[in-house]
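One structure is given here, and the rest of the page talks about it.
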Amino acid sequence: MELAYYSDYAVRLVNTEEPARGKDTLTSVEAVRDLFGGQQSAARRATDADVTRFRSVRARLRAVFEAADSGDEQLAVDLLNSLLLEFPVSPQISGHDFRDDDGRPLWHMHLADHPSNATAGYAAIAAMGLAFHLTEYGVDRLGLCEAAPCRNAYLDTSTNRSRRYCSDRCATRANVAAYRARKRLEAARPDLPEKTGLAADSAQPSSAQGERRPGRSGR
């Protein structure tokens, strides 16, 4: 399992809540267990008490994304370091589940947690995965969706650091909203006074430069 994979644990947990919409899907022990994905043995450790604990860790992870999104690099690192100290893991070499053509293990790094409860185990993996992503790709690769009111967390893996939305759906919605806003502005703009004579001639664009209309490109 690639270490970068673990960073998705943080994103999944943060995005169980949409504060601007007043939505929260982390309301039961079943929702907690769903976050573990294929790690069923770890999921089975979850109890009702983990719902509250998971929400607390979620708030701290969102604070990391908020600091990174606002450009406060040092705060993002400090917040993440506090999670790493509180929820440690032990890196181990593992060969389970993956075999080459000859049946030999495909060795890879694995993060072994030693939790006192399900929350501690999940938080340890999420924080370490996010730390690997941050140090490998940069703090500016941690973002919050710009399509209001979404604000879901995402990890930017684009080659030119251009990602601004958590999904194609949000990107499309934001572009449509921007297009409609431009149309409303154009409709509300008063007619320009008619120009005649020399003034009108000087207002025409030159053939070399052409006419350019400002616009905004979206993803």
Side-chain angles (χ1 to χ4, degrees), residues 1-19 23-70 72-98 105 107-139 141-144 151-157 166:
M1 186 179 293
E2 300 257 349
L3 292 178
Y5 168 83
Y6 290 108
S7 59
D8 190 54
Y9 278 56
V11 174
R12 290 208 304 266
L13 177 54
V14 170
N15 291 346
T16 59
E17 181 185 29
E18 296 182 66
K23 293 183 178 179
D24 187 348
T25 61
L26 193 58
T27 57
S28 66
V29 66
E30 287 76 17
V32 168
R33 289 170 179 161
D34 287 342
L35 287 168
F36 284 91
Q39 292 197 2
Q40 294 303 312
S41 60
R44 283 193 290 269
R45 292 198 300 259
T47 67
D48 289 331
D50 284 298
V51 176
T52 300
R53 289 194 288 254
F54 260 70
R55 287 179 172 179
S56 176
V57 172
R58 179 181 64 187
R60 295 171 67 181
L61 286 170
R62 175 170 282 277
V64 175
F65 279 92
E66 288 175 342
D69 189 67
S70 67
D72 196 335
E73 185 170 335
Q74 189 59 59
L75 178 59
V77 170
D78 289 344
L79 291 171
L80 192 49
N81 273 335
S82 69
L83 284 164
L84 292 170
L85 286 172
E86 186 173 345
F87 303 107
V89 295
S90 301
Q92 294 180 351
I93 300 174
S94 176
H96 65 84
D97 297 334
F98 301 98
W107 302 111
H108 59 277
M109 291 300 297
H110 178 79
L111 298 181
D113 57 276
H114 307 284
S116 56
N117 53 64
T119 303
Y122 192 98
I125 293 173
M128 183 60 75
L130 201 56
F132 275 113
H133 193 94
L134 184 151
T135 53
E136 180 71 17
Y137 302 108
V139 178
R141 294 290 190 147
L142 279 60
L144 293 173
R151 303 301 283 168
N152 271 350
Y154 65 82
L155 299 171
D156 186 359
T157 56
C166 69

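Note that CG of L80 and CG of L61 are 8.0 Å apart. Values are rounded to the nearest 0.5 Å. Separating the CZ atom in F54 from the CG atom in L26 is a distance of 7.5 Å, to the nearest 0.5 Å. Atom OG of S7 is separated from atom CZ of R141 by 12.5 Å, given to the nearest 0.5 angstrom. With rounding to the nearest 0.5 Å, the separation of CG in D78 from CG in D72 is 8.5 Å.
Judged purely by atom type and a 3.5 angstrom limit, S56 has no side-chain atom pairing as donor or acceptor with the backbone of R53. Under the 3.5 Å distance criterion, the side-chain polar atoms of N15 are matched with a main-chain donor or acceptor of A153. Although no hydrogens or angles enter the test, the distance criterion places no donor-acceptor pair under 3.5 Å between the side chain of R151 and the main chain of E18. For the pair Y122 (side chain) and Y9 (backbone), a donor-acceptor distance under 3.5 Å is present. At distances below 3.5 Å, not a single donor-acceptor pair connects side-chain atoms of N152 with backbone N or O atoms of C166. Under the 3.5 Å distance criterion, the side-chain polar atoms of R12 are matched with a main-chain donor or acceptor of L35. The closest donor-acceptor contact from the side chain of T16 to the backbone of T25 lies at 3.5 Å or more, if one exists at all.
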*Could you check Y6 against L130 for side-chain contact (heavy atoms from CB on, under 4.5 Å), going step by step and ending with a plain yes or no?*
CA-CA 7 Å; Y6 290 108; L130 201 56; over 6 Å; no
*Apply side-chain contact (heavy atoms from CB on, under 4.5 Å) to L142 and D69, showing your working.*
CA-CA 7 Å; L142 279 60; D69 189 67; over 6 Å; no
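Partners of V51 by side chain to side chain contact (heavy atoms under 4.5 Å, CB included), not counting sequence neighbours, listed by chain and number: V32, R55.
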